[in-house]
Amino acid sequence: NSFLQHEKIQRFNVLQLPGISVILLCFALDDRSSFVHLLENILPLCYESRQLLIDTQFYLLGLKADLEKDRVVTKDEAQVIIIYCEKYNV
């Protein structure tokens with residue numbers, strides 16, 4: 001249920017992540033909703049939490065790249081997330 005997933009995201013609390021060294025930001029290249037969810041919900045939370053996670057490395061992963069024929073997120077669209085991450089130091 002996407003509503004429940006959204007509620008879990010809203011309760012994201014970086015204080016529960018002491019000493020974390022890596023956060024993987026994943027989206028499926030064959031699922032536009034996962035791309036939009038990352039862009040609209042997850043990245044803003046990461047940006048807001050960045051000052052508490054100074055030493056944490058963020059890695060962006062576009063999953064299911066091997067399913068090229070099923071791909072719905074274009075390389076140009078994925079580039080939007082890369083630009084966002086660079087601009088806001090995520």
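FYI, side chains are in, hydrogens and waters are out, and symmetry mates aren't considered; it's all heavy atoms of this structure.
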Chemist: Any idea which heavy atoms bring D31 and V73 closest together, and the distance?
Modeler: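 In terms of heavy atoms, the two residues are closest at O-CG2, 4.4 Å.
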Chemist: When rounded to the nearest 0.5 angstrom, what is the spacing between CD1 in I42 and CZ in F58?
Modeler: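 The distance works out to 11.0 Å.
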Chemist: Do V36 and F27 come close enough that some side-chain heavy atom pair is under 4.5 Å?
Modeler: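 V36 does not reach F27 side chain to side chain.
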Chemist: For L67, check side chain to side chain contact (heavy atoms under 4.5 Å, CB included) against everything at least two apart and list the hits.
Modeler: D30, K64, D70
Chemist: Give, for atom CZ of R32 and atom NE2 of H37, the distance between the pair rounded to the nearest 0.5 Å.
Modeler: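 Result: 16.0 Å between the selected atoms.
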Chemist: Measure across A28 and S34 and return the closest heavy-atom pair with its distance rounded to 0.1 Å.
Modeler: N-OG, 2.9 Å
Chemist: Please step through side-chain contact (heavy atoms from CB on, under 4.5 Å) for the pair F35 and I81, ending with a clear verdict.
Modeler: CA-CA 9 Å; F35 172 77; I81 291 181; 3.3 Å; yes
Chemist: Applying a strict under-4.5 Å side-chain criterion to I, L, V, M, F, W and Y, I'd like to know whether V72 and L63 cluster together.
Modeler: no
Chemist: So if you build clusters from Ile, Leu, Val, Met, Phe, Trp, Tyr with side-chain heavy-atom gaps below 4.5 Å, do L61 and I82 land together?
Modeler: no
Chemist: Return the CG to OG1 distance between L29 and T74, rounded to the nearest 0.5 Å.
Modeler: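 Answer for the CG-OG1 pair, L29 versus T74, is 9.5 Å.
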Chemist: Measure the CG-CG distance between L25 and L39 for me, rounded to the nearest 0.5 Å.
Modeler: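 Nearest 0.5 Å value for the CG-CG distance: 11.5 Å.
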